[in-house]
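Below, chain A is the first sequence line, B the second, and so on; all start at residue 1. Treat the numbers as computed from the prediction; the structure is a model and nothing was measured.
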Amino acid sequence: MCYKYATPKLEELIEYLGEQPEYTIEDYFHYYFADGFNHQFMPVTTSANNRLIEKAIWGLVPEYIEDSKQAKERADQNLNARSETIFSRPSYAPYISTQRCLAWASGFFEHHWDDAKGRSKTPYFIYSKDKQPFTFGGLYTNWVRPDTGEVFKTFSIITTEANHLLSEIHNNKQRMPLIIPESDRDTWLSNLSKEAITDLMKPLPDGLLSAHTISKLVTSRTEERNVPEVQDIYIPPKDTLF
DNA sequence: CCAGACGTTGTT
DNA sequence: GTCTGG
DNA sequence: CCAGACGTTGTT
DNA sequence: GTCTGG
């Protein structure tokens, strides 16, 4: 599932947060499209300061990693964290209880397999039905790059079972990113028991997300994907020979 | 996850 | 078909 | 014990 | 750093 998502424009986010933004925006990064494997800075809010939106690298790097090469390898592996096993995974167990975060998004990208063998795929853009910014639930830690002493905040996005919409799009019995609704954001970032955390790591109820098909630009290796068109509605032609 | 490679030799 | 790199 | 992993995702 | 597999 979620290896690609989009973030709101700064002005959209400020409008969403109100004229007197509830959150202080310290470092903001807007993407029409961001690929997890590029480990870009994304806008997140952490339990360390739940009124701030700051930059963090998507792909959690545990603190004991010793060099940038290993850090990149671990970040590649740690884009997503399964909610079902997060308390026992060595990479995540140290952080899930005390270092949770929210990653700000405007949508994410998934594929639908048009046939069982996956020969034909249709990409979708999925977003909040009200078209407002929303938040993925995640966990984070700070990693200090030894050669420079530079501190990077890094995070993983948690995954859960798919809800109905996502199981339709992403075919049966698959996954979806954990989405923390506005009403649970402060709770998610507060001091919680394991049981309370587990209770919040559930699929988003159906009816809150919308989706439409998009062009294959989203998976291009040669074209610039961080452009508005990557999210545009595109109806794939049907019953063509190719 | 998806796109692209999938190989070797006398080596820049 | 299957593996690797991003 | 020590070396090696430490992760996820559609494979049905 | 800590866990797992051999």
Inset, instruction - Report yes if at least one side-chain N or O of A:H170 is closer than 4.0 Å to OP1 or OP2 of D:dG10; otherwise report no. - result: yes

Legend entry - Phosphate OP1/OP2 of B:dA3: any A:K121 side-chain N/O under 4.0 Å: yes

Legend entry - CG (A:D147) with more than 12 external heavy atoms under 6.0 Å: yes

Inset, instruction - Provide the distance between the two P atoms, one in B:dC6 and one in D:dC6, to the nearest whole Å. - result: 26 Å

Inset, instruction - Provide the distance between the two P atoms, one in B:dG4 and one in D:dT8, to the nearest whole Å. - result: 27 Å

Legend entry - Interatomic distance where OH belongs to A:Y95 and P belongs to E:dG1 [whole Å]: 11 Å

Legend entry - Out of C:dG6, D:dT9, B:dC2, whichever nucleotide has its closest atom nearest the side chain of A:W113: B:dC2

Legend entry - Pair A:E110 + A:R175, salt bridge at N-O below 4.0 Å: no

Legend entry - Phosphate OP1/OP2 of E:dC3: any A:S88 side-chain N/O under 4.0 Å: no

Inset, instruction - Ignoring hydrogens and angles, answer whether the base of E:dT2 and the side-chain atoms of A:Y64 contain a donor-acceptor pair closer than 3.5 Å. - result: no

Inset, instruction - Tell me which nucleotide among B:dA3, D:dG10, D:dC6 gets nearest to the side chain of A:S91. - result: D:dC6

Legend entry - Phosphate contact (B:dA3 OP1 or OP2) by A:T219 side-chain N/O below 4.0 Å: yes

Legend entry - Between D:dA5 (P) and A:I65 (CD1): distance, integer Å: 12 Å

Legend entry - Atom pair distance, as rounded to whole Å: NZ in A:K69 and C1' in C:dG5: 13 Å

Inset, instruction - To the nearest Å, give me how far apart CG (A:D67) and P (E:dG1) are. - result: 15 Å

Legend entry - Partner nucleotide, any strand, of D:dT8 [Watson-Crick/G-U, under 3.5 Å]: none

Inset, instruction - Return yes when atom CD of A:E66 has more than 12 non-hydrogen atoms of other residues, nucleotides or ligands closer than 6.0 Å, and no otherwise. - result: no

Legend entry - Protein-nucleotide distance (A:Q77, atom CD; C:dT4, atom P), rounded to Å: 14 Å

Inset, instruction - Using a strict cut-off of less than 4.0 Å between a Lys/Arg side-chain nitrogen and an Asp/Glu carboxylate oxygen, indicate whether A:D186 and A:R51 qualify as a salt bridge. - result: yes

Legend entry - N or O in side chain of A:R89 less than 4.0 angstrom from D:dT8 OP1/OP2: yes

Inset, instruction - Rounded to whole angstrom, note down the P distance from C:dT2 over to B:dT9. - result: 26 Å

Inset, instruction - Would you indicate what A:R74 reaches in the nucleic acid, counting non-hydrogen atoms under 4.0 angstrom: base, sugar-phosphate, or nothing? - result: base

Legend entry - Distance in angstrom units between A:F37 CZ and B:dG4 C1', rounded: 15 Å

Inset, instruction - Write down the distance separating the P atoms in B:dG10 and D:dC2, rounded off to the nearest Å. - result: 44 Å

Inset, instruction - Identify the two heavy atoms, one from A:L178 and one from A:K202, that lie closest to each other, and give their separation to 0.1 Å. - result: CD1-O, 3.6 Å

Inset, instruction - Select base, sugar-phosphate, or nothing to describe what A:A81 touches, counting heavy atoms under 4.0 Å on all strands. - result: sugar-phosphate

Inset, instruction - Determine the interatomic distance between P on D:dT11 and the same-named atom on B:dC1; round to the nearest Å. - result: 6 Å

Legend entry - Lys NZ or Arg CZ of A:K194 over A:F87 ring: under 6.0 Å, within 45°: yes

Legend entry - For D:dC1, the Watson-Crick or wobble counterpart (both distances under 3.5 Å): E:dG6

Inset, instruction - Please determine, for the side chain of A:D76, which listed nucleotide (C:dG6, B:dC2, E:dC3) has the closest atom? - result: C:dG6

Legend entry - Whole-Å gap separating P (D:dG7) and NZ (A:K72): 18 Å

Inset, instruction - Indicate, with yes or no, if the rings of A:Y5 and A:W58 have centres closer together than 6.0 Å. - result: yes

Legend entry - Spacing of A:N78 atom CG relative to E:dG1 atom P, expressed in whole Å: 18 Å

Legend entry - side-chain N/O A:R221 vs C:dG5 OP1/OP2, d < 4.0 Å: no

